[in-house]
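See structure below.
Atom set for the values below is all heavy atoms of this structure, side chains included, hydrogens, waters and symmetry mates excluded. First listed ligand is number 1; within each ligand, the first listed atom is number 1.
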Amino acid sequence: MRTIQLFYSPNHTVHNPTYEQYDGNKVPYAESSDRLAVLAAHLRRTGRRLHAPRSYNLDHILQIHTRPYVDYIRTTSRRLAVNETLLPSNFIMDTYTPITQGTYKAACQAVSTALTATDYVLANHSQQAIAYALCRPPGHHAARKHSGGYCYFNNAAIAAQHLAQHGRVAILDIDYHHGNGTQELFYERSDVVYVSIHADPNVQFPYSSGYANEFGGEVGVGYNRNYPLPLHSGDARYMRTLHQAITDITDFNPDFLVISAGFDGHIDDPICQFNLSTQCYEHIGAVISSIGLPIVVVQEGGYNLETLGILAEAFITGLESH
Ligand code: SP5
Ligand code: ZN
C-alpha cells in the first residue's frame, strides 16, 4: 500500500477568464476555478489532508519556456484591469487561452505546486513515493513559447525537467487531449520519454499533433509515443491501450514517472467524447502504480464539476492500492 501526498493552494482562483471563443462566439470558460475548488473540497470531505506548496523562483520555468514568452505572460497580466480578458497574440495559439490580471500569478503558483510535489518525491526517493499536484491552470498544451488549450506554463514538463537532473523520466499523459506542448518540449531528447493516450487529433484539439507516426526527432527518435483513440472509446479499449503504453514506459527503464492526469475522458465530461467509467480511473491508477516507480501526478483537464472529486478519489484509490 502506497500513501499519496497531496499539494494544493486555493490561490489559483485569481486566474478567472469568464469566456472562451469559437469562431467569434463567446462561451462560458470550461476551465473555471470551481474545478479545483470542488475537487479539493471533495478530497477534504473524504478525510484527506492537502498540503500547501512552497514557492519557487523563475529558474525552473525558464528552463522550459523562453524569457520573452514568460515576460509576455507577466507584463500582459500586470497591465489588465480586474475582470478584463485578453485574447490571442503572437504567443497564444488559440482562442481558448485568454489572459486575465491573475493569470501570471496563478500559472507560477501551479508550477510551484508541481515542483513541491516533485521535491517531495525526490526527498523520499523510495519506489513508494507518490505526490499529486492539484493545480490549475493546466499545462500540457503549453509549448516553449506558446500558450494554448487553457495552458500557460507546462507544469508537468517543468516537473519532468527537474526530475531529469536526477535520473531517467517517463511522462504518461492520460488527459483526453494530446499534450502537444509536452511532446514538443521533449521531442528531440532521449532522457525523457513522452507517452500519450488521447482522442484522435483529426477530430479533436489540438489537431496539429498527437498522431501515431510521431516517434521523436534527432537523438529523441523512439522516445515519443502517441496512442490516438476514436471518439466514444470505452473502458476495454482504453485499458488495452494503457497496457501497451506501460510496456513502452517499462522498456525505457525510467527512474521516475510523471503523470499528466486529466479526467476529461470520463463519459460525463461536458466538452469531451470518450466513454470511460468512474471505476476505469481506479483501474488506471492501479495499473500505473503497479509499475513500482516514484510518481509525480500533475493535474491537467476534467470539466464536470459534479464528477471531478469522485474521479480524483477513484484515481488516488487506484494509485494507493499497490
Ligand atoms: C487541459 C485541457 O484539457 N485542455 C483542453 C482544451 C480544449 N479546448 C477545446 C474544447 C472544445 C470545446 N468545444 C466547445 C464548442 C463550443 N461551440
Ligand atoms: Zn484535456
With distance as the sole criterion, is a donor-acceptor pair present between the side chains of [X] and [Y] under 3.5 Å?
X      : Y      : result
Asn226 : Gln183 : yes
His42  : Glu313 : no
Ser277 : Asp235 : yes
His266 : Thr278 : yes

Between Tyr96 and Tyr29, ring centroids under 6.0 Å: no
Side chain to side chain, His15 and Glu31, heavy atoms closer than 4.5 Å: yes
Minimum-distance protein heavy atom relative to [atom]:
atom                    : result
atom 6 (C) of ligand 1  : Tyr150 CE1, 3.6 Å
atom 11 (C) of ligand 1 : Tyr22 OH, 3.5 Å
atom 8 (N) of ligand 1  : Tyr96 CD1, 3.4 Å
atom 2 (C) of ligand 1  : Tyr303 OH, 2.7 Å

Parallel, tilted or perpendicular: ring planes of Tyr194 versus His178, cut at 30 and 60 degrees: perpendicular
Mutual orientation of the aromatic rings belonging to Phe205 and His177 [parallel < 30°, tilted 30-60°, perpendicular > 60°]: perpendicular
His177 atom (N/O/S) at minimal separation from the Zn ion (ligand 2): ND1
Shortest-distance N/O/S atom, Asp264 versus the Zn ion (ligand 2): OD2
Six-ring centre of Phe252, Arg168 cation under 6.0 angstrom, axis tolerance 45°: yes
Within-cut-off N or O pair, His177 and ligand 1, under 3.5 Å: yes
Geometric N/O contact Gly149 with ligand 1, under 3.5 angstrom: yes
Considering only heavy atoms, does [X] approach ligand 1 within less than 4.0 Å through its side chain, its backbone, both, or neither?
X      : answer
Asp264 : side chain
Glu31  : neither
Asp175 : side chain

4.0 Å heavy-atom contact, Glu20 with ligand 1: no
Metal proximity, Asp175 vs the Zn ion (ligand 2), N/O/S cut-off 2.8 Å: yes
Atoms in ligand 1 flagged as close to Pro138, the criterion being non-hydrogen separation under 4.0 Å: 1 (C)
